[in-house]
Amino acid sequence: MRSLLFVPGDSRRKLDKALASGADALLIDLEDSVALEAKAEARAVTADFLAEAKGAPARPRLYVRVNGLSTGLIDDDLDGVMRAGPDGIVLPKAVGGADAAHLGAKLAVREAEFGLDDGSTRILAIATENALGVFALGTFAGASHRLAGLAWGGEDLSADIGAEANRDAGGNYTEPYRLARSLTLLGAAAAGVDAIDAVYTNFRDMEGLAAECREARRDGFVAKMAIHPAQVPVINEAFTPSADAIAKAEAVVAAFRANPGAGVVGVGGEMLDRPHLVRAERLLARAGKR
């Protein structure tokens, strides 16, 4: 997955439109974008949409963002949408691996109840929306076989810590959020799952979005969340490996394959060691070449 587009779960019109956005995944939202009095209706709209969209050709992956474990709403959310068999559940305000395991247990019960394959529902945790979550980023490793990725976000975190803003005058994240971003990247690597970059809230600033995508890809993120369909093409382009990058990665893999006992090989005038091989293999996997 390169692009993950948030879509309000109470708007069938927006959900239908999002199917044609080109996003690799839709994050159907039952949390922040849905008012409390509209949540029951949103569950019904979401379930109906999932049931129909799952049969669409070349469809995106369909994830549902539920309300958090501490809200008292998550069980109703899961009861409402799991009968339609979403590809995954987005867990907001996650506090470490214990929350992922807790959600996993809830999913196992619903999979059995609704006749779904055991373990078929993946988990994407948004892991930095409060200070407790930031401190728990090292605990996701081994917490749940369902865990597919860790995402970070700075909007709820800024409210939790009482910040006036999360970006400086130049539009760059300030230090607390850069720390949360970096720890998410490390936590995802430790857990062996995808690291997913935060939304870019200025949906009209495509140049700023593209620059933030390039920085995220450089640092090791493999995808980015979006809040508007117009952001999807920019994100997809940034996180799709270029033909030149694929060719270089294939050359690295070929060199090590030709010298299976070597710790270092020469490629294009550079001496490369095993970490370069791992990086090349990961890039080819993202490009669908392995």
Side-chain angles (χ1 to χ4, degrees), residues 3-9 27-36 39 63 65-74 89-100 103 123-140 149-188 194-228 230-231 234-235 238:
S3 53
L4 301 90
L5 175 63
F6 279 109
V7 191
L27 308 183
I28 305 169
D29 191 25
L30 300 179
E31 193 209 16
D32 286 346
S33 67
V34 178
L36 181 60
K39 291 193 185 292
Y63 279 61
R65 180 166 71 170
V66 295
N67 291 274
L69 286 166
S70 64
T71 63
L73 299 169
I74 188 170
I89 296 295
V90 180
L91 180 64
K93 300 175 179 62
V95 180
D99 278 6
L103 174 58
I123 294 173
L124 168 62
I126 304 180
T128 67
E129 293 186 304
N130 51 52
L132 282 173
V134 174
F135 281 109
L137 279 164
T139 67
F140 282 98
L150 293 183
W152 82 281
E155 308 310 313
D156 286 276
L157 181 59
S158 65
D160 190 58
I161 66 178
E164 294 180 355
N166 56 17
R167 294 180 185 261
D168 62 21
N172 301 305
Y173 279 110
T174 58
E175 193 56 36
Y177 309 95
R178 295 188 63 81
L179 175 63
R181 176 184 181 274
S182 297
L183 290 175
T184 300
L185 185 62
L186 295 172
D194 288 347
I196 300 168
D197 198 27
V199 298
Y200 189 76
T201 57
N202 187 349
F203 63 87
R204 292 187 175 88
D205 179 12
M206 296 304 168
E207 290 185 6
L209 170 63
E212 195 162 279
C213 288
R214 289 192 296 269
E215 292 174 359
R217 184 194 65 213
R218 174 202 65 197
D219 290 344
F221 289 93
V222 301
K224 191 172 182 65
M225 298 182 293
I227 59 170
H228 192 281
Q231 295 179 319
V234 176
I235 294 172

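Note that the structure is predicted; figures quoted are calculated from it, not measured.
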Result for side chain to side chain donor-acceptor pair (under 3.5 Å) between Y173 and one of R181, R167, R178 points to R167
Which heavy atom in D168 sits nearest to a heavy atom in T174, and how many Å separate them? N-CG2, 3.8 Å
What's the spacing between L30 CG and L73 CG if we round to 0.5 Å? 10.0 Å
The reported gap from CG in L27 to CG in L4 (rounded to nearest 0.5 angstrom) is 5.0 Å
I'd like to know if the side chain of S158 and the backbone of A163 have a donor-acceptor N/O pair within less than 3.5 Å. no
Taking the side chain from R65 and the backbone from P92, do they hold a donor-acceptor pair closer than 3.5 Å? no
Looking at side-chain heavy atoms only, is the closest gap between I161 and Y177 below 4.5 Å? yes
Heavy-atom closest pair (I123 atom, A100 atom, distance to 0.1 Å) is CD1-O, 3.6 Å
Can you give me the closest heavy-atom contact between M225 and W152, atom names plus distance? CE-O, 3.6 Å
What's the separation between atom OG1 in T201 and atom NE2 in H228, rounded to the nearest 0.5 Å? 13.0 Å
Looking only at heavy atoms, what is the nearest atom pair of A127 and L150, with distance? CB-CD2, 4.4 Å
Any chance you could measure N166, atom CG, to E175, atom CD, to the nearest 0.5 Å? 13.0 Å
Which heavy atom of A188 sits nearest a heavy atom of A195, and at what distance? CB-CB, 3.7 Å
Contact between M206 and L209 at the side-chain level, heavy atoms closer than 4.5 Å - yes or no? yes
Once rounded to the nearest 0.5 Å, what's the spacing between atom CG of D219 and atom CG of D197? 9.0 Å
Does some side-chain heavy atom of C213 sit less than 4.5 Å from a side-chain heavy atom of Y200? no
Close side-chain approach of K93 and T71, heavy atoms under 4.5 Å: no
Is there a donor-acceptor pair closer than 3.5 Å between any side-chain N or O of N130 and the backbone N or O of D160? no
Between N67 and E31, is any pair of side-chain heavy atoms under 4.5 Å apart? yes
Heavy-atom check, side chain of L186 versus side chain of L137, under 4.5 Å: no
Heavy-atom count check: over 12 atoms from other residues, nucleotides or ligands less than 6.0 Å from R204 CZ? no
When rounded to the nearest 0.5 angstrom, what is the spacing between CG in L5 and CD in Q231? 8.5 Å
With the side chain counted from C-beta on, respond yes when L183 and V134 share a heavy-atom pair under 4.5 Å apart, and no when they do not. yes
What one should report as the nearest heavy-atom pair of I235 and A226 is CD1-CB, 3.7 Å
